[in-house]
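Take a look at the structure set out below.
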Amino acid sequence: MRITLPAYPPFSLPMVIRSHGWIQLAPFAGEEPYETFTYLDRLQSGRVVLLRVEPEGDGVCVTADGDLTEAEQAEVADKVRWMVGLDRDLALFYAVAQDEPKLAHVIAQARGRILRSPTLFEDTVKTILTTNTAWSGTIRMAQALVELYGEPLPGDDTRRAFPTPERLAETDVEDLRQTARLGYRAPYVGELARRVATGDLDLEALKTADLPTPALRQELLAIKGVGGYAVANLLLLLGRPDFIPIDSYAFKMVSNEFYGGAPVGPKEVEAAFARWGEWKGMAYWFWDWS
DNA sequence: GGTAGACCTGGACGC
DNA sequence: GCGTCCAGGTCTACC
């Protein structure tokens with residue numbers, strides 16, 4: 001199967017892949033300098049396929065082994081469109097960024113899209129896995145979830161899909177805690193999986209919900225384990241860059257860039273990017289730090 | 001509304 | 001090899 005998908009210009013697949021660390025989290029895979037990537041996906045039909053995404057023309061081409069049904073091909077196309085943001089129009093961001101030397105590179109390099117998982121469920125779990133741990137810990141925990149609970153690629157047990165909400169919901173929390181080594185995050189992931197699996201929380205609907213950003217933020221903050229940093233990260237992924245994902249990295253970078261190395265808190269980080277208004281999350285994310 | 005302490009793991013460090 | 005300390009966000013209890 002081979003599908004060609006156009007992108008809203010300007011577009012650069014390598015810049016999407018390099019937009020943050022998601023490419024290092026299973027079931028994503030890629031090799032530096034990250035010109036292309038693969039993703040192991042479980043389709044709604046239950047079929048597990050390895051998707052290879054590469055630049056082609058003004059967009060991307062997606063290939064997978066075997067013949068997919070029309071419905072499966074449509075699902076793959078929808079997912080890849082979402083993952084690399086093919087439909088995103090960044091003209092408004094570029095308009096506010098064009099006079100800022102620290103953001104000039106985003107226009108020149110067609111940056112501004114951020115790599116996403118196919119489901120908001122997966123991105124929310126992974127965001128929870130980024131909290132209160134080193135990046136190596138996030139990589140390890142994501143890998144463990146995939147290895148322990150993901151469905152394998154037929155003929156290759158070494159590659160597995162991200163586990164479904166149903167699979168994680170039926171997994172004992174102690175197993176998540178001690179076998180997957182999620183630590184105190186285990187009950188957060190378990191509860192999120194149960195809420196999504198039972199239909200109590202329709203996370204995927206939030207991807208296209210016509211909600212004002214403050215209301216969307218409240219919905220996400222109601223998820224146990226999602227606090228101020230995590231919700232800003234998720235809003236950024238959802239194309240709502242009104243908030244800055246303030247973590248210890250933000251304190252360090254903002255301190256050096258704007259406050260001469262003096263200790264800073266959330267207020268100082270917010271103040272440094274306040275002039276970017278509804279774009280401040282993007283301005284922070286793509287800032288060309290000194 | 002603000003703050004302190006607990007949560008859990010892996011890595012760095014000292015012995 | 002073992003013990004201790006620390007970094008990393010969120011939650012809960014308390015003021």
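Quick note: numbers below take in every heavy atom, side chains included, and nothing from hydrogens, waters or symmetry partners. Just so it is clear: chains get the letters A, B, ... in the order the sequence lines come, proteins before strands, and each one is counted from 1.
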By nearest-heavy-atom nucleotide on DNA chain C, the more 5' of A/D247 and A/K224 is A/D247
Using the heavy-atom set of chain A and a strict 4.0 Å cut-off, write down the first and last nucleotide of DNA chain B that makes it in, 5' to 3'. B/dC7 to B/dG10
I'd like to know whether A/K267 forms a salt bridge (Lys or Arg N to Asp or Glu O under 4.0 Å) with A/E270, so could you lay out the CA-CA distance, the side-chain angles of the two residues, the decisive distance to 0.1 Å, and finally the verdict. CA-CA 5 Å; A/K267 284 179 186 171; A/E270 288 288 340; over 6 Å; no
Once you measure the plane-to-plane angle for A/F286 and A/F93, does it fall in the parallel (<30°), tilted (30-60°) or perpendicular (>60°) bin? tilted
Rounded to whole angstroms, how far apart are NZ on A/K252 and C1' on C/dG8? 13 Å
Do A/Y249 and C/dG8 have a side chain to base donor-acceptor pair shorter than 3.5 Å? no
For a quick check of understanding: with a heavy-atom distance under 4.0 Å over all strands, which category does A/A186 fall into, base, sugar-phosphate or nothing? nothing
Nearest whole angstrom, please: distance from the C1' of C/dG9 to the CZ of A/F243. 18 Å
Send over the distance from A/L129 CG to C/dG8 P, rounded to a whole Å. 18 Å
Measure the distance from CG on A/N233 to P on C/dT10 and round it to the nearest whole Å. 10 Å
Answer with yes or no after comparing the ring centroid distance for A/W289 and A/Y284 against a 6.0 Å cut-off, counting only values under it. yes
Between C/dG8, C/dT10, C/dC11, which one does the side chain of A/Y188 approach most closely? C/dC11
May I ask you to decide if the ring planes of A/H20 and A/W22 are parallel, tilted or perpendicular, using 30° and 60° as cut-offs? parallel
Which is true for A/I223 with a 4.0 Å heavy-atom rule: it touches a base, it touches only sugar-phosphate, or it touches nothing? sugar-phosphate
Between A/D123 and A/K126, does any side-chain N to carboxylate O distance fall below 4.0 Å? no
Once you apply a heavy-atom cut-off of 4.0 Å, does A/G137 come out as touching a base, just sugar-phosphate, or nothing? nothing
Starting at atom OH of A/Y229, determine the distance to atom C1' of C/dT10, rounded to an integer number of angstrom. 12 Å
Remember a base hit wins even if backbone is also touched, and classify A/S248 as base, sugar-phosphate or nothing at under 4.0 Å, heavy atoms. sugar-phosphate
C/dA7 C1' sits how many Å from A/R185 CZ, rounded? 12 Å
note: A/L221, atom CG; C/dG9, atom C1'; distance rounded to Å ~ 13 Å
In whole angstrom, give the distance that lies between atom CG of A/L234 and atom C1' of C/dG9. 13 Å
So that I can tick it off, tell me whether A/E204 and A/K207 are bridged by a salt bridge, with the cut-off set at under 4.0 angstrom between side-chain N and carboxylate O. yes
When the ring planes of A/F258 and A/W287 are compared, do they come out parallel, tilted or perpendicular, using 30° and 60° as the limits? tilted
DNA chain B: 5'-proximal contact among A/N132 and A/R181 (nearest heavy atom): A/N132
